[in-house]
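Just so you know, ligand 1 is whichever comes first in the structure, and atom 1 is the first atom listed for that ligand. Bear in mind the structure is a predicted one, so any value in this text is a computation, not a measurement. This chain uses plain numbering: 1 for the first residue, then up along the sequence.
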Amino acid sequence: MSESPENLKEKIQRLKEQRNALIIAHNYQRDEVQEIADMTGDSLELSRKAASTDCDVIVFCGVNFMAESASILSPDKVVLLTAYDAFCPMADMISVGMERELYEAFPGYKEPPRYVYPVKYTLADIKRDYPGVPVVAYVNTTAEVKAESDICCTSANVVEVIESLPDERVICVPDKNLSAWAAKNTKKEIISWDGYCHVHDRIRPSDVEKARKAHPNAILMAHPECRLNILEMADNVASTSGMLKFVAKSSSVEFIVGTEMGLLYRLRKENPDKVFYPLRTDMVCPNMKKTTLESVYASLKEMKHVVKVSSKTRELAWKALNRMLSL
Ligand code: 13P
Ligand code: SF4
């Protein structure tokens, strides 16, 4: 018989204290996982906050590039990824041209079930084609890609990051939609990679029209991982933390939410007087949902699955992340 959620929550709490662990959950995690987390937020926000605490163990409820970022920013802490095969298909759409370090990171790690993309071109190829052009890597990239990039960006600061560079041309990886949004908001030339997030890229103008018709008084928010034609139809374009801030300040009562369904948990909890409608009910990231209360408990109990970025990659990836954080 499976254990009740209440029992599991108590056991997680006890183990967390014993291990001096911090549980952090991305805004797209299941409601019950967000509920037991010490912190919820976007990936970078979580890694930065975790680095500033004195915990010994970071339990990351998210996907692997996020746990890698936590390891880059907290090299002396043990970082655990709660679902060993939780990955971001978009982050895996670009490689530096070599085996992923992740495979070494988990002892006994086997090739997880993953999407296969016909991407033969690597970061090394694009850098060779555009010598001297700086590479801006979205945080949704592997540690190796960050290590080969000049600077990182988030969906919230991509334009600021691009503007901070002295160059008139920049390479943006891996999200073509975020690149298109950046290109619209800067005069610089953007050379874009062809990746995308399958959760956000599926939104079509007809979805926006349908949602507007159903909720004529609602403000429509869209994440910059959506296509540009969708962003141009939205009232507000923001990252997940940007949406939370925007709603908190807005005097409007109804909102259509154009991002992964998990964000609805916090939006509703933090704004009990406001009403939220998903733009599409299938905006669900399967990898984000791989973490459950059971897997959080198992992670803490068995101290699995350790994610540790090697010191050479870490040093270079840290430089790219830190250059952004210093802006
Ligand atoms: P943010 O939380 O940074 O907006 O990122 C969205 C996302 O898709 C993370 O995987
Ligand atoms: Fe990756 Fe999209 Fe899932 Fe975020 S929502 S982890 S970008 S697939």
With a cut-off of 4.0 Å, which atoms of ligand 2 are near a heavy atom of C88? 1 (Fe), 6 (S), 7 (S)
Should E225 be listed as contacting ligand 2, given a heavy-atom distance under 4.0 Å as the test? yes
For H26, state whether at least one heavy atom is located under 4.0 Å from any atom of ligand 1. yes
If we number the atoms of ligand 2 from 1 as shown, the ones under 4.0 Å from a heavy atom of C197 are 2 (Fe), 5 (S), 7 (S), 8 (S)
Decide whether the shortest distance between a heavy atom of M66 and an atom of ligand 1 is less than 4.0 Å. yes
Only heavy atoms of C285, strictly under 4.0 Å: list the atoms of ligand 2 that pass. 3 (Fe), 5 (S), 6 (S), 8 (S)
In a check of side chain to side chain donor-acceptor pair (under 3.5 Å) between E35 and each of K9, K269, R30, Q29, which one passes? K9
N140 near ligand 2 by a heavy-atom separation under 4.0 Å: yes
Taking a cutoff of less than 4.0 Å between a non-hydrogen atom of the residue and any ligand atom, is C88 in contact with ligand 1? no
State the atoms of ligand 2, each with its element, that fall below the 4.0 Å cut-off from a heavy-atom position in P89. 8 (S)
Please work out, at 4.0 Å between heavy atoms, whether the side chain, the backbone, both, or neither of E260 comes within that distance of ligand 1. neither
Heavy atoms only: give me the nearest I58-A50 pair and the separation to one decimal. CD1-CB, 3.6 Å
Selected option - heavy-atom contact closest to atom 3 (O) of ligand 1, from V199, N27, D42, N140: D42
When you measure from atom 2 (O) of ligand 1 to every protein heavy atom, which one gives the shortest distance, and what is it? T240 OG1, 2.6 Å
Tell me which protein heavy atom sits closest to atom 7 (C) of ligand 1, plus the residue, atom name and distance to 0.1 Å. Y28 CE1, 3.4 Å
Atom 5 (O) of ligand 1 sits nearest the protein heavy atom H223 NE2, 3.7 Å
Using heavy-atom distances only, which candidate in F65, Y28, Y196 approaches atom 5 (S) of ligand 2 most closely? Y28
Side chain, backbone, both or neither: S155 near ligand 1, heavy atoms under 4.0 Å: side chain
Keeping S149 on the side-chain end and V145 on the backbone end, is there a donor-acceptor pair under 3.5 Å? yes
Proximity to ligand 1 by part of T259, non-hydrogen separation under 4.0 Å: neither
